[in-house]
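Encoded as structure tokens, the structure appears first; notes follow it.
Chain identifiers are assigned alphabetically (A, B, ...) following the order of the sequence lines, protein sequences preceding nucleic acid strands; residue numbering begins at 1 within each chain.
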There are 2 protein chains.
Amino acid sequence: MKKVTLNDISESLKISKSTISLVLNGRGDEKRVSKETQEKIFKFAKEHNYKANQLARGLSTGKSDMIGLVIPNISDNFYARIARRIEKKASRLGYNVVFSSTGESKIRETELIQSMLDRQVDGLIIASTQKNKDDILRLKKQNFPFVLIDRHYPDIETNYVCVNNNGGVVRAVEQLINSGRKRIGFVSLKPGLQAIEDRLQGYLETMNKHSFDVKDGFVQELDYDNIEKDMPDVIKSMVKFPASVEGIVFSTHFLAAAGLRELKKLNVRVPVDVAIVSFGQMSAFDLIDPPITSVIQPVDEIGDNAVDILLKNLENEDLDFEQMNLETDMIIRKSCGTF
Amino acid sequence: MKKVTLNDISESLKISKSTISLVLNGRGDEKRVSKETQEKIFKFAKEHNYKANQLARGLSTGKSDMIGLVIPNISDNFYARIARRIEKKASRLGYNVVFSSTGESKIRETELIQSMLDRQVDGLIIASTQKNKDDILRLKKQNFPFVLIDRHYPDIETNYVCVNNNGGVVRAVEQLINSGRKRIGFVSLKPGLQAIEDRLQGYLETMNKHSFDVKDGFVQELDYDNIEKDMPDVIKSMVKFPASVEGIVFSTHFLAAAGLRELKKLNVRVPVDVAIVSFGQMSAFDLIDPPITSVIQPVDEIGDNAVDILLKNLENEDLDFEQMNLETDMIIRKSCGTF
DNA sequence: CAAATAAGCCAAACCGTTTTAGCATTTAAA
DNA sequence: TTTAAATGCTAAAACGGTTTGGCTTATTTG
């Protein structure tokens, strides 16, 4: 059962390819093809289950109806949820999505972007490693439609949909302060991401605003690839003199999980001894002992807006850049010591 | 900065397209193209950053170097992890992956498969809704390369990579029995999935083997779309007379989470009053109160094997079907009452 | 009734590759 | 010296669509 092509239909029906193509694309009336001819074509197409070859169509039209999604890691629930949202919306609008995970590697990111371009995707949605200014600049110079999500390059003007990281962390720290903590630590990732940088700033600002010292050891930065390995020492150092914190803000959900794991191993009582707040959530955070207070990122809105902006840019060449910093929400649970 | 094509190179260099294509595909020596000519071509290609248009190439070769991944939901961590693995392996071998989530809808699945075929993907990896025999049969009849994961159709011979669901649940139930429970319940999804059916069988068999009654209300089946809504009643009915279970096996990770949530609301002590085991895991299961005993599915192996089998089938038309039922593992934690 | 208009369809170019068969020319073998 | 083989490259078809300009007829219009 070989695939039926326009040529096949053309030969069987003795009607030219052009007419058939027009009709099947719904331009039959516009092009004044008679009802009978259209009937015949539609009938034959249904019966033989004709489906256009999208590669051929793409080659011809210069549009592939695919959008590329480049993210750090599809198995991270945060990105997976964004991906789901993007996919859903995109598919309603006739687009498929190709995805790839960079694993936070700049080289991979470069390769992946290139490979998507080779595939002729119509546009890109990228949660960049932020080590990759070159590629972003190149895309921009080529006027290729793309929108950054979650992470943007502050010194490059592009479309982006991010969250107010600073503000989210401010709320997290304030929450701990409200529950009476003064010696508050901040566990984060090694710098390199603007989002992470912003979160740190949010922490520092808030501490400063309340005139709380940021003592040695209050700020800890882990390497993305060695979180499991390094977390024990980090937590140990934070819960004893001289650091001895009363509260910790974790700058990502997985840091919070790993950190809590260690706190429990050390029999530190949360939140009595150390209260914690997570920036970012996990689906079981409400079931954990204690339930984790967390800053919620508006995942759905990120996905929706990214697609909206991208599609607008596909239709219209020269739009102004759109830059969104979505506000976070916060769910207060026991871990922050408020109750 | 328009894209450079073979034609452009051909015109600039006054060398035929064919030669250039050959050379850039590494067949220069084989086709006895002189060193100098090859040099010239490579040099020009680098300088002008030539990248082949994959649509055109695909049209010409009949291969797109894309594989399609059809799953219920990318934001479910189980599938996301499989997706990550598939993507990683596939990309090493030169393939990109297009994914789509069916949301357990048969219609969506049909659409998605069709759309991937239109896109000329070279092969498919499908975690089917299992309501879709027609499509699978069609793919099979067309001899299109595909492998089913997580769920297969028992009465259709295909490639598949699944897990031993029955065996996994047997272990789960045995574990509860070991910890002294006799009145054991099973919370699952409405039938429709073979995997779910197998899990139920595993439960029934084990209960039977130990001559434990499966009382009214011991087996509860929820609708995928109404888990949050229906779980409260389900759990309520199980913890009081006449059902009043001492242990529950949840047939998926998200059921376990939702179920535990209700148990806690009702102030049922886990595992003292009711011990629980989850089939399938979540990353925070070790942090939950109590930590959840769970049957672990070999996610990485599922992904790896699926890609392996698929690629073998891409190379070789007529291979025997491969069918794998991978064994599960189990992590024992407090929730099952063993400690 | 001639000219203009509309109706209905098609030929052919094009998108950017791959691939096969074969053409000159030079070199080696008989 | 003639023939055979090797060298180095190319023309052209094919993949399966889209799209534009235009060619016939029939129908109006003046």
Side-chain angles (χ1 to χ4, degrees), chain A residues 2-42 44-45 48-66 94 115 117-122, chain B residues 2-42 44-45 48-66 94 115 117-122:
Chain A
K2 248 206 81 282
K3 292 225 172 122
V4 185
T5 71
L6 276 192
N7 275 307
D8 300 335
I9 306 189
S10 174
E11 282 172 20
S12 303
L13 253 34
K14 307 290 176 211
I15 298 179
S16 78
K17 275 205 302 184
S18 4
T19 303
I20 299 173
S21 170
L22 256 8
V23 169
L24 292 178
N25 283 305
R27 303 179 55 197
D29 290 340
E30 167 195 344
K31 289 291 181 173
R32 308 183 314 255
V33 177
S34 70
K35 283 288 164 237
E36 306 88 70
T37 307
Q38 294 204 41
E39 284 300 310
K40 258 200 294 191
I41 294 174
F42 279 128
F44 191 97
H48 294 75
N49 193 33
Y50 169 79
K51 303 286 173 184
N53 177 324
Q54 297 298 323
L55 294 187
R57 180 198 292 249
L59 179 58
S60 185
T61 59
K63 284 207 46 179
S64 64
D65 289 336
M66 290 199 295
S115 138
L117 294 181
D118 297 349
R119 282 253 134 69
Q120 312 293 119
V121 296
D122 294 335
Chain B
K2 248 204 83 285
K3 292 221 173 123
V4 185
T5 70
L6 277 193
N7 274 308
D8 299 336
I9 306 190
S10 173
E11 282 172 20
S12 302
L13 253 34
K14 307 289 175 212
I15 298 178
S16 78
K17 279 203 297 185
S18 0
T19 304
I20 297 171
S21 171
L22 256 9
V23 169
L24 291 179
N25 283 306
R27 303 179 55 198
D29 289 340
E30 167 196 343
K31 289 290 181 174
R32 311 181 314 253
V33 177
S34 70
K35 284 287 163 239
E36 305 89 71
T37 307
Q38 293 205 39
E39 283 301 309
K40 257 201 295 191
I41 294 174
F42 279 127
F44 191 96
H48 294 75
N49 193 34
Y50 169 79
K51 304 285 173 182
N53 177 325
Q54 298 297 323
L55 293 187
R57 180 197 291 245
L59 180 58
S60 183
T61 59
K63 286 205 46 177
S64 64
D65 290 334
M66 290 199 296
S115 139
L117 293 181
D118 297 350
R119 284 253 134 71
Q120 312 293 120
V121 295
D122 295 335

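- When heavy atoms are screened at a 4.0 angstrom cut-off, B:T19 is found touching base atoms of the nucleic acid.
- Between the A:S10 side chain and the A:L6 main chain, no donor and acceptor come within less than 3.5 Å of each other.
- Between B:R27 and C:dT18 there is no side-chain polar atom (N or O) within less than 4.0 angstrom of OP1 or OP2.
- Under 3.5 Å, the side chain of B:S60 and the base of D:dA14 form no donor-acceptor pair of N or O atoms.
- Within 4.0 Å of B:S21, counting heavy atoms only, lies at least one base atom of the nucleic acid.
- D:dT7 atom P lies 14 Å from atom CD of B:Q38, rounded to whole Å.
- Between A:V4 and B:K14, the residue anchored nearer the 5' end of DNA chain D, judged by the nucleotide with its closest heavy atom, is B:K14.
- B:I20 contributes atom CD1, which lies 6.0 Å from atom CG of B:L13 (distance to the nearest 0.5 angstrom).
- Of the candidate nucleotides D:dG16, C:dT19, C:dG8, D:dG16 has the atom lying nearest to any side-chain atom of A:T5.
- What separates CG of B:L22 from P of D:dT7 is a distance of 16 Å, to the nearest Å.
- Nearest nucleotide to the B:T61 side chain, out of D:dC15, C:dT19, D:dG17: C:dT19.
- Rounded to whole angstrom, the span from the NZ atom of B:K31 across to the P atom of D:dT7 amounts to 14 Å.
- No donor-acceptor distance shorter than 3.5 angstrom exists from the side chain of B:S21 to the backbone of B:K17, with no hydrogens or angles considered.
- Rounded to the nearest 0.5 angstrom, A:D65 CG and B:D118 CG are separated by 11.0 Å.
- Put simply, CD1 on A:I41 is 13 Å from P on C:dG8, counting in whole angstrom units.
- Both B:A56 and A:V33 lie near DNA chain C, and the one whose nearest nucleotide falls closer to the 5' end is A:V33.
- Distance, A:Q120 CD to C:dC15 P: 13 Å, rounded to whole Å.
- In this structure, A:K31 NZ and A:N25 CG are separated by 12.0 Å, a value rounded to the nearest 0.5 Å.
- For the atom pair B:T5 OG1 and B:H48 NE2, the distance stands at 12.0 Å (nearest 0.5 Å).
- As rounded to whole Å, 14 Å separates atom P of C:dA12 from atom CG of A:N7.
- Distance, B:L6 CG to C:dC15 P: 13 Å, rounded to whole Å.
- Within the 4.0 Å cut-off from OP1 or OP2 of C:dG8, not a single side-chain nitrogen or oxygen of A:T37 is found.
- Taking 3.5 Å as the limit, the base of C:dA11 and the side chain of A:S18 contain a donor-acceptor pair of atoms between them.
- At the heavy-atom level, B:R32 lies under 4.0 Å from base atoms of the strands shown.
- Residue B:N25 has its side chain nearest to C:dT18 when only D:dG16, C:dT18, C:dA11 are considered.
- Residue-to-nucleotide proximity on DNA chain D shows that, of B:S34 and A:R57, the 5′-proximal contact is made by B:S34.
- Residue-to-nucleotide contacts include no donor-acceptor pair under 3.5 Å from the side chain of B:K17 to the base of D:dT10.
- Among the protein residues, A:K51 comes within range of the sugar-phosphate backbone only, with heavy atoms under 4.0 Å from sugar or phosphate atoms but none that close to a base.
- Within 4.0 Å of B:I15, counting heavy atoms only, lie sugar-phosphate atoms of the nucleic acid but no base atom.
- Whole-Å rounding puts the A:L55 CG to C:dG16 P distance at 15 Å.
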